[in-house]
Asks: 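Take this structure first; my questions come after.
Per chain, numbering begins at 1; letters A, B, ... match sequence-line order.
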Amino acid sequence: MRSSQYLLSTQKETPADAEIISHQLMLRAGLVRKLASGLYTWLPTGLRVLNKVADIVRDEMNKAGAIEMLMPVVQPADLWQESGRWEEYGPELLRIKDRHKRDFVLGPTHEEVITSLVNNEINSYKQLPINLYQIQTKFRDEVRPRFGIMRSREFVMKDAYSFHTDQASLDKSYQAMYQAYCNIFERLGLEYRPVIADSGSIGGAVSHEFHVLAESGEDAIAFSDSSDYAANVEMAEAIAPSEAKATPSETLTKAETPNVSSIEQVCEFFNCSSQKVAKTLLVLAEPDDKGVHGLAALVLRGDHQLNEIKAEKIDGVYSPLTMASAEQVKQATNCEIGSVGPINSKLPVFVDRSAAHLTDFVCGANETGVHYSGANWTTDAAEIQVVDIRNIEEGDASPDGKGKIEIKRGIEVGHIFQLGDKYSKAMNCGVLNESGKHQVLEMGCYGIGVTRIVAAAIEQNHDKFGIKWPDAIAPFKLAIIPMNMHKSHRIQQIAESLYEKLISAGIDVLFDDRKERPGVMFNDMELVGIPHTLVIGERNLDNNQIEYKNRQSGEKQLLDIDSILEWVKTI
RNA sequence: CGGAGAGUAGCGCAGUUUGGUAGCGCACCUGGUUUGGGUCCAGGGGGUCGCAGGUUCGAAUCCUGUCUCUCCGACCA
């Protein structure tokens, strides 16, 4: 490609509404342009990258035995009513009507369509297992689209769906996809980690997320420093402290604590560390037969953070997790929020493992302006249930018993699930099995955010000059930068012939043949992030040499003109 | 949904307080100059000042309404 016949569209200045680096660089380097909130046009350079990512994904999916197909973006509402998600999915599902006033949705995902299709096309267990996928535009009407391409409303996703007659077969496909995903991110040249994940609203039991590691990531991931263990912090199990529980030595003592409510104030008043305090949070319990919510008490060590996702999975706690209002607390306990505690509580009490390990601790006394010290579970609290409801923290013991936890940030770019029969059951999708009986299928689903990978790759690979693409997904592999070509016939000749040679050899090359000063070309090529550049200038031409520069390492070297083609093939 | 901020040329911004012919830088066009890291000079094109209504002799500026965009929040007593 020649720059003069291409749409480079680079910008010197950063658009004011771009907050994160990948968004800024995607705009400046001319990869995308915003059309409206969460909607982006992909310019030629951006599309080149997007296509390279998609090609790698496609190749590895095919190698793993998945079969590509394509489903419509617009889907009839009745499929969603059948699966129950017309009601469940909420306002993220964009609903539209056609001219006949029939309801449709813009597909945020395709479980319904594929399940319906497979139900019609597949009739026998002999045709299974099968894994079908597509690479296609999705639409999710996000509450707040942000971070440019990272969380946009319209985006490209690779979604695959596998169908099985038994769990063993599902396990096998799941493993194959897990491996395919590792291969994909390996080939993309990104630093990534598969992590144990919450399956969320999509349902099912087993689930892994694939994260590209980057400071700006929205998710926190807990790693063991000495094993393969990695889990989303949402999910990572926080185990009880390993040291033996201390022997209680104090007796329960009441203290008047006017205006003491926060953990900080409590610590100051009792002159103790927050690790000696049990904090009690009141949340809604599951409603009774009349639909009335009681309250439940969640108890954590003062220095620990509640994990909402773990908490709302507890039997007896209402999901979605809802904190009790000040009035509800007052009504249930007859005291102010800051003095609520687990001792003599009339509510069901769920105690985090670490809080349950406390001895001689401080807590609220369920009496406004009063706290206890010297409290002990064995002697002072009647019935409690010990649960895991806190966020894992840096330095905690790894749940697999090996090493300590480190926490890093990641961008979720892939997610695989074992769905079980959630959709196949709702939509009665099955086949005849070996004994001629109708059998509902087991399903797996496997997603990759293709557009998000582009942004994540930039978050992980950039410097103050611009993007530093990994070779595999760079819009161009190599740039030719001639110095003042319009003034030197010799330079023009060599640049042209080199360009022709590289093109014939199938190299993805950008020939910057614009009549620009060298600085402009260098800056543009570095901003766009082309991994390799060849600089042709009078300076080295007398020695029959041209200069090579590597964008990632900054390494420079002089190359013999005659050997360039062979050399380029080796990089 | 709650809070905060912003809409003036393709991009970045000034002008709004105190109403009086719409500006600057980048980008773009023409000519010259320069040429291994965003040269310099001269000339030029481009804007219903988000939209609608109102006040006024006169509105980017004041008033009312409305739309759009951005950020933060919507767990941790």
Asks: When you compare G15(B) with C49(B), how far apart are their C1' atoms, in angstrom units rounded to a whole number?
Replies: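 So the two C1' atoms sit 11 Å from each other.
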Asks: In whole Å, what separates the P atom of A14(B) from that of C1(B)?
Replies: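 Approximately 30 Å lies between the P atom of A14(B) and that of C1(B).
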Asks: Work out how far the P atom of A9(B) is from that of G46(B), and round it to whole angstrom.
Replies: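 It comes out at 15 Å once rounded to the nearest Å.
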Asks: G45(B) and U8(B): how far apart are their P atoms, nearest whole angstrom?
Replies: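 G45(B) and U8(B) have their P atoms separated by 23 Å.
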Asks: Taking the basic N atoms (NZ, or NE/NH1/NH2) and the acidic carboxylate oxygens, is any pair closer than 4.0 Å for Asp103(A) and Lys97(A)?
Replies: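 Result for this pair is yes, salt bridge flagged.
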Asks: Measure CD/Glu234(A) against P/C75(B) and give the value in whole Å, please.
Replies: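 Value for this atom pair: 14 Å.
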Asks: Charged N to carboxylate O under 4.0 angstrom, Asp463(A) versus Arg551(A)?
Replies: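 Yes, this pair counts.
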Asks: Between U48(B) and G10(B), how far is it from one P atom to the other, in whole Å?
Replies: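 Each nucleotide's P atom is 9 Å from the other's.
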Asks: Could you work out the separation of A74(B) and C67(B) based on their C1' atoms and round it to a whole Å?
Replies: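 Comparing C1' positions in A74(B) and C67(B) gives a spacing of 25 Å.
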Asks: Shortest non-hydrogen contact from Pro348(A) to Leu295(A)?
Replies: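 Taking Pro348(A) first and Leu295(A) second, the nearest heavy atoms are CD-O, 3.4 Å.
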Asks: Glu19(A) has a side chain; which of G12(B), C75(B), C71(B) sits nearest to it?
Replies: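 For the Glu19(A) side chain, the nearest candidate turns out to be C71(B).
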Asks: Between Thr368(A) and Glu336(A), do the side chains contain an N or O donor and an N or O acceptor separated by less than 3.5 Å?
Replies: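 Distance-only check fails for Thr368(A) and Glu336(A).
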Asks: Compile the donor-acceptor pairs under 3.5 Å between side chains in residues 479-489 of chain A and protein atoms, sequence neighbours left out, one pair per line.
Replies:
| from | atom 1 | to | atom 2 | distance (Å) |
| --- | --- | --- | --- | --- |
| Ser488(A) | OG | Arg490(A) | N | 3.4 |
| Ser488(A) | OG | Ile491(A) | N | 3.0 |
| Ser488(A) | OG | Glu538(A) | OE2 | 2.7 |

Asks: With a 3.5 Å limit on both atom pairs, tell me what G10(B) is paired to, counting Watson-Crick and G-U wobble, or say none.
Replies: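 Its partner is C26(B) (Watson-Crick or G-U wobble, both distances under 3.5 Å).
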Asks: Please confirm whether the shortest side-chain N or O distance from Arg144(A) to OP1 or OP2 of A74(B) is below 4.0 Å.
Replies: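 For A74(B), neither OP1 nor OP2 has a side-chain N or O of Arg144(A) closer than 4.0 Å.
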Asks: Got a sec, which residues hit salt bridge (charged side-chain N to carboxylate O under 4.0 Å, His left out) with Glu286(A), two or more places apart in sequence or on another chain?
Replies: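 Glu286(A): no salt bridge (charged side-chain N to carboxylate O under 4.0 Å, His left out) contacts found.
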Asks: Counting only heavy atoms and a strict 4.0 angstrom limit, can you tell me which residues of residues 540-554 of chain A come near RNA chain B?
Replies: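 Of all residues in residues 540-554 of chain A, the ones placing a heavy atom under 4.0 Å from RNA chain B are Asn540(A), Glu547(A), Lys549(A).
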Asks: With sequence neighbours excluded, tell me which residues meet side-chain hydrogen bond (donor to acceptor under 3.5 Å, both in side chains) with Ser3(A).
Replies: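 Ser3(A): side-chain hydrogen bond (donor to acceptor under 3.5 Å, both in side chains) contacts with Asp512(A).
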Asks: In B/S/- notation, 5' to 3', how is nucleotides 24-33 of chain B contacted by protein heavy atoms closer than 4.0 Å?
Replies: -BSS------
Asks: What is the distance from CD of Gln305(A) to P of C75(B), rounded to the nearest Å?
Replies: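 The answer, rounded to whole Å, is 14 Å.
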Asks: Applying salt bridge (charged side-chain N to carboxylate O under 4.0 Å, His left out), name anything that partners Lys276(A), two or more places apart in sequence or on another chain.
Replies: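 Expected list: none.
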Asks: Would you please classify the geometry between the Phe361(A) ring and the Trp377(A) ring as parallel, tilted or perpendicular, with 30° and 60° separating the classes?
Replies: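 Judged by the thresholds at 30° and 60°, the geometry between Trp377(A) and Phe361(A) is tilted.
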Asks: Apply side-chain contact (heavy atoms from CB on, under 4.5 Å) to Ser274(A) and list each qualifying residue two or more places apart in sequence or on a separate chain.
Replies: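 Scan of Ser274(A) (side-chain contact (heavy atoms from CB on, under 4.5 Å), adjacent residues dropped) gives Ile263(A), Cys267(A), Asp303(A).
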Asks: Expressed in whole Å, how much space separates the P atoms belonging to G19(B) and C75(B)?
Replies: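 Straight-line distance between the two P atoms is 47 Å.
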Asks: Quantified in whole Å, what is the P atom distance between nucleotide A22(B) and nucleotide U17(B)?
Replies: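 Rounded to whole Å, the distance is 16 Å.
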Asks: Determine, for Lys477(A) against Asp471(A), whether the closest basic-nitrogen to carboxylate-oxygen distance falls under 4.0 angstrom.
Replies: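 Salt bridge flag = no for Asp471(A) with Lys477(A).
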Asks: Less than 4.5 Å apart, side chain to side chain, heavy atoms only: is that true for Ile337(A) and Leu282(A)?
Replies: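 No, every pair of side-chain atoms sits at 4.5 Å or beyond.
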Asks: What are the residues of residues 352-361 of chain A, sorted by number, that bring a heavy atom to within less than 4.0 Å of RNA chain B?
Replies: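 Heavy-atom contacts with RNA chain B come from no residue of residues 352-361 of chain A; none.
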Asks: Can Glu555(A) and Lys549(A) be counted as an ion pair, charged N to O under 4.0 angstrom?
Replies: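 Salt bridge flag = no for Lys549(A) with Glu555(A).
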Asks: Give the residues of residues 22-41 of chain A touching RNA chain B, defined as any heavy atom closer than 4.0 Å, sorted by residue number.
Replies: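 Within residues 22-41 of chain A, the residues near RNA chain B are Arg28(A), Lys34(A), Ser37(A).
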Asks: Confirm from the modelled atom types if Gln11(A) and G12(B) form a donor-acceptor pair under 3.5 Å, side chain to base only.
Replies: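 Looking at the base of G12(B), it does not pair with any donor or acceptor on the side chain of Gln11(A) (distance under 3.5 Å).
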Asks: Is the shortest side-chain N to carboxylate O distance from Arg2(A) to Glu496(A) below 4.0 Å?
Replies: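 Salt bridge present between Arg2(A) and Glu496(A).
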Asks: Can you establish whether the number of heavy atoms outside Glu87(A) located under 6.0 Å from its atom CD is more than 12?
Replies: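 Enclosed.
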Asks: Across the strands shown, which category fits Asn484(A) at heavy-atom distances under 4.0 angstrom: base, sugar-phosphate, nothing?
Replies: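 Counting heavy atoms under 4.0 Å across all strands, the contact made by Asn484(A) includes a base.
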Asks: Applying ring pair (Phe, Tyr, Trp, His ring centres under 6.0 Å), which residue pairs with at least one partner in residues 302-328 of chain A are found, sequence neighbours left out?
Replies: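 Every pair satisfying ring pair (Phe, Tyr, Trp, His ring centres under 6.0 Å) with a residue in residues 302-328 of chain A: His293(A)-Tyr318(A).
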Asks: Which nucleotide in the set G36(B), A77(B), C69(B) lies at the smallest distance from any side-chain heavy atom of Asp17(A)?
Replies: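 Of the candidates, C69(B) comes closest.
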Asks: Please enumerate all residues that pass side-chain contact (heavy atoms from CB on, under 4.5 Å) together with Gln11(A), with sequence neighbours excluded.
Replies: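 side-chain contact (heavy atoms from CB on, under 4.5 Å) list for Gln11(A), sorted by chain: Pro15(A), Arg33(A).
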Asks: What string of B, S and - do you get for nucleotides 39-51 of chain B, 5' to 3', when a contact is any protein heavy atom under 4.0 Å?
Replies: B------------
Asks: Atom CD of Gln492(A) to atom C1' of U35(B): distance rounded to whole Å?
Replies: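 My rounded result for the distance is 16 Å.
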